[in-house]
Amino acid sequence: MAQYGVGRGLEGAYPANYEDKFAAYTPAWQEIFTGIGPKTVLQIAREWASTAEKTEGACMVIVGAGINHWFHENLMYRSAIMAQMLTGCNGKNGGGMNHYVGQEKLAPMDSWGTIMSSKDWGTVPRLQQAPLWHYINTSQWRYDGNQKFYNSSPDNKLANMHTADWVVKSVRNGWMPYYPQYNQNNFELVKEAQAAGAADDKAITDYIVKKLKTGDLKHACVQPDEEINFPRVWFIWRGNAIGTSSKGHEYFLDHYLGTHTNKIADEVAGDLVEDIEFKKEGARGKMDLVIDINFRMDTSALYSDIVLPTASWYEKADINSTDMHSFIHPLSEAIPPVWESKTDWQIFQTLAKKVQEMAPTYLPDVMKDVVNSPLSHDSKDEISQLTLQDWAKGECDLIPGKTMHKINIVERDYTKIYDKFISLGKGVAKNGLGAHGNHYMCEDVYEEMLTHRQHITKWKDGTEYPSLKEDVEGINAILKLSSLTNGKLADRAYRNMAEKIGVPAIAELGMPYRDIDISYRDLQAQPKRYNSSPLWSGLMHDGRTYAAYTYNVDMFVPWRTLTGRQHFYLDHDAYIAFGEHLATYKPSPTPEVYGDMRVTVNDGKAKVLNILTPHGKWHIHSTYGDTLRMLTLSRGGEPCWLSEEDAASLGIKDNDFVEVYNDHGVYVTRACVSARIPSGVCIVYHAVERTYNVPKSQIRRGKNGEPRRGGMNNSFTRVHLKPNLLCGGYGQFTYHFNYWGPVGVNRDTHVLVRRMDKVEY
C-alpha cells in the first residue's frame with residue numbers, strides 16, 4: 001500500500017476498498033499472485049499491529065538465507081522492515097528484523113579487521129565483493145541477457161543497462177571493489193609514472209588519473225577476456241568455492257579451470273553490452289594455480305592443484321563470534337593437528353616465511369604499489385556523489401575519492417613480510433583502532449602488551465613488537481585490542497562517540513565494563529559475554545539480550561543514514577530509475593526471460609519445475625555428508641524432492657533415479673516423493689559433493705555421444721546479480737567489507753526433471 005494506498009480524497013485513481021482485486025496492492029489483488037486469501041492477510045496485519053501496540057514493539061521477523069537467494073530479495077526484506085517501521089518494532093527487544101544468512105560479522109571487528117588486513121603495518125587491504133567478481137571472471141555475464149528482460153522497471157537509460165555494464169560502472173565510480181585493477185601491472189605503472197617525472201605519491205596518482213582520462217589505462221573489469229586481466233593464482237580457504245559455493249559450478253570448471261563441463265548455454269551478451277568489452281571467443285582456463293587450504297577432500301580439493309591440509313576445529317586454538325550471539329566462543333586443541341596438517345594461522349605464516357626467504361632474489365627492493373579502494377561506509381565518502389554521474393561518460397570530472405574510487409600508493413617490502421606477519425605493528429599505537437565510524441586510541445594497551453616479555457618478537461635492529469607468532473598470541477591480541485573484550489576501550493569508544501554525535505548520555509555506557517579484560521584462557525574457563533560497544537547497535541547492559549538498534553532507540557543515536565532516521569523512501573538516482581525508491585512488488589523472473597532453458601529442449605518426458613536449494617539436510621554445509629550414517633539417511637546422496645502430483649505425472653516413484661537439468665548443467669540423483677513438497681517446485685538440499693556417488697547423465701552427452709558424469713546442486717545454477725545492489729556512493733549505499741553488494745541469486749532458477757531408464761556409474 002506504500003505507493004498506492006486506499007482512497008483518502010486525494011486526486012488520482014485509488015482502490016475502492018480492500019476487496020478491489022483490480023487495483024494494485026490490495027489484499028484481494030495479492031491473492032492472484034500468492035493464493036493467500038485477503039481475509040487471512042487482513043487478519044495477520046491486524047494481529048501484528050495489535051501485538052506491536054500491546055507489547056510496545058515486540059514483533060519480530062526471523063529469516064534464513066532463503067530470501068537472499070531470490071532475485072528481488074531486497075524488496076522482500078524491505079517489505080518486512082516496513083511492517084516493523086510502521087508499528088515501532090525496530091530497536092526493541094523481541095522485535096526487529098533478524099536475518100541468519102551464514103555471513104554474520106565477527107564481533108571484535110575493530111581489532112580483528114586491523115590484524116587481518118595488516119593495517120597495523122600501514123597496509124591498505126584489497127577486499128573483494130565475491131559475487132560480482134565471479135560473475136565477471138567465470139564469464140557468466142556472457143551468457144546473461146539484459147536484466148531489464150526479467151527485472152520489471154520503468155523504461156529509462158539506467159534501468160536498461162546490462163548487469164555487466166553495471167559492474168563496470170560500479171567499479172569505475174568507486175561503489176564496488178575489483179581486483180586485478182588495471183590492464184597494466186601495478187608495479188610497472190608506478191615505475192612508468194616515476195620515469196615520467198612523478199616525484200611523490202600525489203604525482204603518481206595524478207599520472208594514473210591522466211592515463212584513465214585519455215583511455216590509455218583501462219580498468220581490468222572492462223576487458224575480462226584479455227590475458228593481462230586474468231586471475232592467475234587462487235587460494236581457497238575456509239570454503240568450498242569450486243563446489244558448494246560456486247553458483248554456476250560448470251562455468252567455474254570451464255572458464256577458471258578449462259576442464260570438461262556439462263553446460264550447453266549460449267552466449268548472448270555480445271549485442272547487449274556497451275561498457276564491458278565482448279570478445280567473440282571467451283577465455284577458458286584462466287587459472288594457472290589453485291591452492292586449497294582444507295581439512296577434507298571436498299569438491300574444491302578435488303579440482304585443486306595443491307591441497308594444504310589444515311587442522312580441524314578440535315586440533316587448533318581459535319575463536320568464533322558473530323554480532324548476533326553475544327559470546328566469544330573458544331576452539332581448543334583437543335589433539336595436535338594430525339599427520340602433515342597445520343593450523344590456518346601457521347599455514348599462512350609458513351607461506352609468508354617462504355616468500356621472505358625468496359624476496360632477496362626476486363623482489364629485493366621496497367616496491368611502490370597502487371591500491372584502489374571503494375568509497376567507504378561510515379565516512380565522508382557517503383556524501384561524495386549526490387547525483388549519479390559517470391566520469392567515463394564525460395558527465396563529471398575524474399576525482400579520486402569523490403567521483404571515483406580512491407587511489408592509494410603503498411609500499412611493499414617482501415623481505416620483511418614474515419617478520420611483519422608475526423609482529424603487531426606500531427601503527428596500532430600511533431593511529432588507534434575503530435570500525436563503523438568509531439575510533440579510540442590504544443597506545444597504553446599496546447605498551448601493556450609489550451610488558452609480557454614471553455610474548456615479544458625482537459627484530460634484527462633491536463625493535464620489539466607484541467608477538468603474533470603463535471595462534472593463541474594472535475587470539476589474545478584480538479581480544480586485548482577490541483572494545484568488545486577490553487572494557488577500558490569500550491568506555492573510551494563510547495566517550496568518543498558521545499562527543500562526536502552530541503549525545504552526552506552515551507559517554508556513560510562503557511562504565512559497567514571498565515574492569516573487563518578477557519583473554520583466551522578466560523574463554524576456555526567459562527563462557528563470556530562481550531561488552532556493549534558503539535561498534536554495534538545493540539545494548540546488552542545487565543544481562544539484556546542483544547537486539548539490533550536498541551542503541552539508536554534508547555539513546556537517540558542517529559541511524560546510519562544521511563538524515564539519521566529510518567527511511568521508507570530511498571532517493572538514490574538508481575533506485576528511482578528502477579522504481580524501487582519505495583518498497584514495491586515485482587514478479588519473479590520467468591524461466592523464459594531468465595535464461596535457464598534457452599537451449600535445453602523438453603521432449604515431453606520432463607517437466608519444468610522451480611528448483612530450490614535449502615540448507616544442507618544430511619550434513620553441516622558440505623562437511624561429513626559422506627560418512628556411512630549420513631549417506632544411509634540421505635539415500636547415498638542428496639535426493640531431489642518432488643511433490644506426489646509432479647512425480648505421478650512423470651511416472652516417477654519414490655527412490656527412482658532422476659535427472660535434474662537445464663542449460664547450466666545436470667544433476668543425477670534419486671527421487672524423494674513427498675506430500676510436503678508443493679506442485680511446481682522441487683528441492684535439492686545444497687552442499688552436494690562430486691567426490692562420491694555421482695552417476696552418469698543420459699541426457700547430457702560428450703563429444704562422441706557418450707554419457708557424461710553428472711554434477712552437483714550448483715551445476716544447474718548461475719549467478720544473477722540485481723543491479724540495484726551494485727549502486728553506491730551515496731548515503732548508506734557505500735561499500736563496507738561483507739556489508740554492501742549483490743548476492744549470487746539462485747532460487748528463481750528452473751529445471752527440467754525426468755525419470756531415468758538407465759543408470760550408469
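Bear in mind the structure is a predicted one, so any value in this text is a computation, not a measurement.
When side chains are defined from C-beta on, L650 does not count as touching R754, because their heavy atoms never get closer than 4.5 Å. Looking at heavy atoms from C-beta onward, F578 lies in side-chain contact with N151 at the 4.5 angstrom threshold.
Among pairs with a residue in residues 547-560, those fulfilling salt bridge (charged side-chain N to carboxylate O under 4.0 Å, His left out) read D378-R560, R544-D554, at least two apart in sequence or across chains. Applying the side chain to side chain donor-acceptor pair (under 3.5 Å) test to pairs two or more places apart or on separate chains, those with a residue in residues 48-67 are W48-T87.
Other residues, nucleotides and ligands place more than 12 heavy atoms under 6.0 Å from the CZ atom of F568. Counting heavy-atom neighbours within 6.0 Å of D271 CG, excluding the residue itself, gives a total of 12 or less. Taking a 6.0 Å sphere around CD of E274, one finds it holds 12 or fewer heavy atoms contributed by other residues, nucleotides or ligands. No more than 12 heavy atoms of other residues, nucleotides or ligands lie within 6.0 Å of CZ in F22, so this atom counts as exposed by the packing criterion. More than 12 heavy atoms of other shown residues, nucleotides or ligands fall within 6.0 angstrom of atom CG in L42.
Formation of a donor-acceptor pair under 3.5 Å by the S321 side chain with backbone atoms of A107 is found in this model. Looking only at distances, a side-chain donor or acceptor of H572 sits under 3.5 Å from a matching main-chain atom of G728. H541 places a side-chain N or O within 3.5 Å of a backbone atom of L509 that can act as its donor or acceptor partner. Remark: the backbone N or O of C396 is not paired with any side-chain donor or acceptor of Q389 at under 3.5 angstrom. Looking at Q566, its side chain never comes within 3.5 Å of a backbone N or O of M82 through a donor-acceptor pair. D663 places a side-chain N or O within 3.5 Å of a backbone atom of R598 that can act as its donor or acceptor partner. Panel note: side chain N438, backbone A435; a donor-acceptor pair is recorded below 3.5 Å. A side-chain donor-acceptor contact under 3.5 Å links Q30 to the backbone of P27.
Ion pair R718/D144 flagged as a salt bridge, since at least one NZ, NE, NH1 or NH2 atom sits closer than 4.0 Å to an Asp/Glu carboxylate oxygen. At a threshold of 4.0 Å, the pair D381-K402 does not count as salt-bridged, since none of the basic side-chain nitrogens sits closer than that to a carboxylate oxygen. Using a cut-off of 4.0 Å between Lys/Arg side-chain N and Asp/Glu carboxylate O, K586 and E580 are scored as salt-bridged.
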**Asked** Going through the checks in order, is the side-chain hydrogen bond (donor to acceptor under 3.5 Å, both in side chains) test met by T613 and H686?
**Response** CA-CA 5 Å; T613 54; H686 90 160; 5.9 Å; no
**Request:** Could you go through the side chain to side chain contact (heavy atoms under 4.5 Å, CB included) check for L570 and Q732 one step at a time?
**Result:** CA-CA 10 Å; L570 305 176; Q732 62 269 32; 3.9 Å; yes
**Prompt:** Y739 and H377: side-chain hydrogen bond (donor to acceptor under 3.5 Å, both in side chains), yes or no, with the steps?
**Reply:** CA-CA 9 Å; Y739 265 74; H377 192 43; over 6 Å; no
**Request:** Let me see the working for W166 and Y135 under ring pair (Phe, Tyr, Trp, His ring centres under 6.0 Å), right down to the final yes or no.
**Result:** CA-CA 12 Å; W166 270 106; Y135 176 72; over 10 Å; no
**Request:** Determine, step by step, whether D596 and H720 satisfy the side chain to side chain contact (heavy atoms under 4.5 Å, CB included) criterion, reporting the C-alpha distance in whole Å, the side-chain angles of both residues, the deciding distance to 0.1 Å, and the verdict.
**Result:** CA-CA 11 Å; D596 293 326; H720 290 276; 4.3 Å; yes
**Prompt:** Would W641 and V684 count as a side chain to side chain contact (heavy atoms under 4.5 Å, CB included) if you check the C-alpha gap in whole Å, the side-chain angles of each, and the deciding distance to 0.1 Å?
**Reply:** CA-CA 6 Å; W641 293 65; V684 174; over 6 Å; no
**Item:** Derivation of the salt bridge (Lys or Arg N to Asp or Glu O under 4.0 Å) call for D275 and K169
**Value:** CA-CA 8 Å; D275 293 332; K169 182 185 284 290; 5.6 Å; no
**Request:** Could you check Y730 against D571 for side-chain hydrogen bond (donor to acceptor under 3.5 Å, both in side chains), going step by step and ending with a plain yes or no?
**Result:** CA-CA 9 Å; Y730 180 60; D571 66 343; 3.1 Å; yes
**Residue pair D155, N160: steps toward the side-chain hydrogen bond (donor to acceptor under 3.5 Å, both in side chains) verdict** = CA-CA 7 Å; D155 185 20; N160 291 341; 2.8 Å; yes
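G437 and M497 make their closest contact through O-CE, 3.7 Å (heavy atoms, listed as atom of the first residue, atom of the second, distance). Considering every non-hydrogen atom in both V719 and K247, the closest pair reads CG2-O, 3.4 Å. Considering every non-hydrogen atom in both R755 and V658, the closest pair reads CA-CG1, 4.3 Å. A pairwise comparison of heavy atoms in P591 and M597 identifies CB-CE, 4.1 Å as the closest pair. Across all their heavy atoms, H69 and V745 have their closest contact at O-CG1, 3.1 Å. Of all heavy-atom pairs between V673 and A647, the closest is CG2-CB, 3.7 Å.
For W536 and H436, the distance between ring centers is under 6.0 angstrom. When ring centroids are compared, Y594 and F149 stay outside the 6.0 Å threshold. Taking the six-membered ring wherever Trp is involved, the centroid distance between the rings of W740 and F733 falls below 6.0 Å. Taking the six-membered ring for Trp and the full ring otherwise, the centers of H581 and Y575 sit at least 6.0 Å from each other. Close placement of the F71 and Y150 rings is indicated, their centers lying within 6.0 Å of each other.
Every residue meeting the side-chain hydrogen bond (donor to acceptor under 3.5 Å, both in side chains) condition with S715, not counting sequence neighbours, appears here in chain and number order: E250. Every residue two or more places apart in sequence or in another chain that forms a side chain to side chain contact (heavy atoms under 4.5 Å, CB included) with S643 is listed here: E645, D646, I677, S679. Applying the side chain to side chain contact (heavy atoms under 4.5 Å, CB included) criterion to V557, with sequence neighbours excluded, gives I501, I506, Y551, N552, M555. With sequence neighbours left out, S649 forms a side chain to side chain contact (heavy atoms under 4.5 Å, CB included) with K607.
Between atom CG of residue L75 and atom CD1 of residue I67 there is a gap of 11.5 Å, rounded to the nearest 0.5 Å. Interatomic distance, OH of Y77 versus NE2 of H99, reported as 5.5 Å (0.5 Å rounding). Between atom OG of residue S153 and atom CE of residue M161 there is a gap of 12.5 Å, rounded to the nearest 0.5 Å. Atom CE in M712 sits 9.0 Å away from atom OH in Y667 (nearest 0.5 Å). Atom OG1 of residue T600 and atom NZ of residue K263 lie 12.0 Å apart, to the nearest 0.5 angstrom. T163 OG1 to L272 CG: the interatomic distance, rounded to the nearest 0.5 Å, is 10.5 Å.
Here the options are N746, V751, N662, the test is side-chain contact (heavy atoms from CB on, under 4.5 Å), and the partner is T717; only N746 passes.
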